[in-house]
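One structure is given below, encoded as structure tokens.
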Amino acid sequence: PLEMSAKKPVPFLRQVVPVRKKVQRDPRFDDLSGEYKPEIFMKTYSFLDSIKKQEKEMVQKQLKKCRNVEQKEKLQRLLNRMTQQEQAQKKQQKLRERELSLKRQQRELAKQGKKPFFLKKSEKRKLELAEKYAELKRSGKLESFLNKKRKRNAIKDKRHLPSQKNL
């Protein structure tokens with residue numbers, strides 16, 4: 001029969017209509033959303049750079065006009081964060097350009113019939129460090145940078161030496 005017997009107790013977890021479970025998906029990890037390519041992303045959203053620049057200028061103007069100490073501190077933190085983000089973005093861009101130039105060189109060598117040679121992480125780090133030193137030398141901040149590094153290393157060395165108390 002189509003009807004259930006009234007004399008039988010109904011099961012506690014009886015499914016009357018099957019409910020389809022809603023599947024939530026995160027576009028960051030889903031293949032349907034496509035592949036993330038930083039170059040394309042940067043080209044697509046390049047207009048944001050000009051907006052960020054305008055915002056930064058606006059914050060600077062507000063900072064000059066502001067008299068409230070708390071508000072001034074808040075604006076200063078915001079300005080610092082903006083400049084740090086800008087620097088990080090430039091650094092990331094330089095790194096991407098360096099990677100692309102290395103890839104281009106490998107393609108050129110492959111076209112000439114030579115075997116491709118890929119740099120190890122340590123060698124890439126050495127090249128990056130050499131580039132950093134060259135940049136510091138050009139700007140004239142190399143000496144101060146090296147002094148800071150020496151001081152930092154001296155502090156680390158002192159930490160590892162046995163203290164006078166223990167002797």
Side-chain angles (χ1 to χ4, degrees), residues 26-30 33-167:
D26 193 341
R28 295 173 298 174
F29 309 111
D30 200 359
S33 301
E35 199 176 320
Y36 173 68
K37 294 179 183 170
E39 296 84 24
I40 295 170
F41 181 85
M42 291 303 290
K43 282 179 186 174
T44 310
Y45 293 100
S46 60
F47 66 94
L48 288 176
D49 293 334
S50 61
I51 294 170
K52 282 181 184 178
K53 195 174 183 180
Q54 288 173 353
E55 284 178 354
K56 190 178 174 184
E57 288 170 1
M58 199 169 69
V59 169
Q60 284 173 335
K61 285 178 186 176
Q62 284 180 350
L63 190 66
K64 284 181 183 177
K65 287 179 184 176
C66 188
R67 297 281 176 242
N68 190 357
V69 178
E70 286 180 23
Q71 189 71 19
K72 203 168 193 174
E73 242 178 60
K74 201 174 185 182
L75 286 170
Q76 189 62 48
R77 279 198 300 266
L78 180 65
L79 189 65
N80 287 343
R81 193 170 74 223
M82 285 175 153
T83 52
Q84 284 175 352
Q85 284 175 347
E86 199 176 293
Q87 288 171 351
Q89 195 175 12
K90 284 179 183 176
K91 190 177 179 182
Q92 201 79 21
Q93 186 66 31
K94 267 187 177 181
L95 207 136
R96 248 187 252 112
E97 285 173 6
R98 194 180 307 123
E99 292 280 326
L100 284 172
S101 67
L102 286 171
K103 280 183 182 179
R104 282 192 204 106
Q105 286 175 354
Q106 292 306 321
R107 283 195 197 114
E108 289 294 319
L109 291 172
K111 282 180 183 176
Q112 292 172 7
K114 295 178 183 174
K115 265 191 173 179
F117 173 75
F118 300 100
L119 291 172
K120 288 188 273 183
K121 245 185 191 177
S122 59
E123 291 172 349
K124 283 182 185 178
R125 230 179 278 128
K126 284 177 186 175
L127 284 173
E128 197 175 312
L129 194 64
E131 197 173 294
K132 186 178 180 180
Y133 275 96
E135 179 67 36
L136 286 168
K137 199 170 189 177
R138 247 183 285 137
S139 63
K141 297 177 182 175
L142 181 65
E143 200 57 45
S144 64
F145 175 78
L146 289 174
N147 285 336
K148 282 182 186 175
K149 200 153 186 78
R150 273 190 218 105
K151 282 181 186 175
R152 212 176 296 133
N153 288 339
I155 291 168
K156 281 183 186 177
D157 290 342
K158 278 183 186 176
R159 217 178 284 147
H160 292 294
L161 288 174
S163 63
Q164 290 291 330
K165 292 177 187 176
N166 294 345
L167 294 174

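Residues take their numbers from the sequence shown, with the count starting at 1.
No donor-acceptor pair under 3.5 Å is formed between the side chain of Gln106 and the backbone N or O of Phe118. Within the 3.5 Å criterion, the main-chain N or O of Phe29 finds no donor-acceptor partner in the side chain of Ser33.
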Could you walk me through whether Arg138 and Glu135 pass salt bridge (charged side-chain N to carboxylate O under 4.0 Å, His left out), step by step?
CA-CA 5 Å; Arg138 247 183 285 137; Glu135 179 67 36; 3.1 Å; yes

Item checked: Evaluation steps, side-chain contact (heavy atoms from CB on, under 4.5 Å), between Lys65 and Gln62 -> CA-CA 5 Å; Lys65 287 179 184 176; Gln62 284 180 350; 5.8 Å; no

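A salt bridge does not link Glu131 to Lys94: none of the charged side-chain nitrogens sits closer than 4.0 Å to a carboxylate oxygen. One finds a salt bridge joining Arg77 and Glu73 here, because a Lys/Arg side-chain nitrogen approaches an Asp/Glu carboxylate oxygen to under 4.0 Å.
Other residues, nucleotides and ligands contribute over 12 non-hydrogen atoms within 6.0 Å of the CD atom of Gln112. Other residues, nucleotides and ligands contribute more than 12 heavy atoms inside 6.0 Å of the OH atom of Tyr36.
Contact check for Phe117 versus Leu109: no side-chain heavy atoms found under the 4.5 Å cut-off. Between Lys124 and Arg98, the closest side-chain pair of non-hydrogen atoms is not below 4.5 Å. In this structure, the side chains of Arg125 and Lys120 stay at 4.5 Å or more apart for every pair of heavy atoms. Counting heavy atoms from C-beta outward, Tyr133 and Leu146 have side chains that approach closer than 4.5 Å. Residues Lys141 and Ser144 have side chains in contact (heavy-atom distance under 4.5 Å, counting atoms from C-beta outward).
For the atom pair CD of Glu97 and CD of Gln92, the computed distance is 11.5 Å after rounding to the nearest 0.5 Å. We find the CG-CG distance between Asp26 and Asp30 to be 8.0 Å, quoted to the nearest 0.5 Å. The structure places OG1 of Thr44 at 11.5 Å from NZ of Lys37, a figure rounded to the nearest 0.5 Å. Between atom NZ of residue Lys91 and atom CD of residue Gln87 there is a gap of 10.0 Å, rounded to the nearest 0.5 Å. Annotation: the span from Leu63 atom CG to Lys74 atom NZ amounts to 13.5 Å, rounded to 0.5 Å. How far NZ of Lys72 is from CG of Leu75: 9.5 Å, rounded to the nearest 0.5 Å.
Arg150 and Asn153 are not linked by any side-chain donor-acceptor pair at a separation below 3.5 angstrom, with hydrogens and angles left out of the test.
Just one of Lys56, Arg81, Lys53, Lys52 meets the side chain to side chain contact (heavy atoms under 4.5 Å, CB included) condition when paired with Glu86; it is Lys56.
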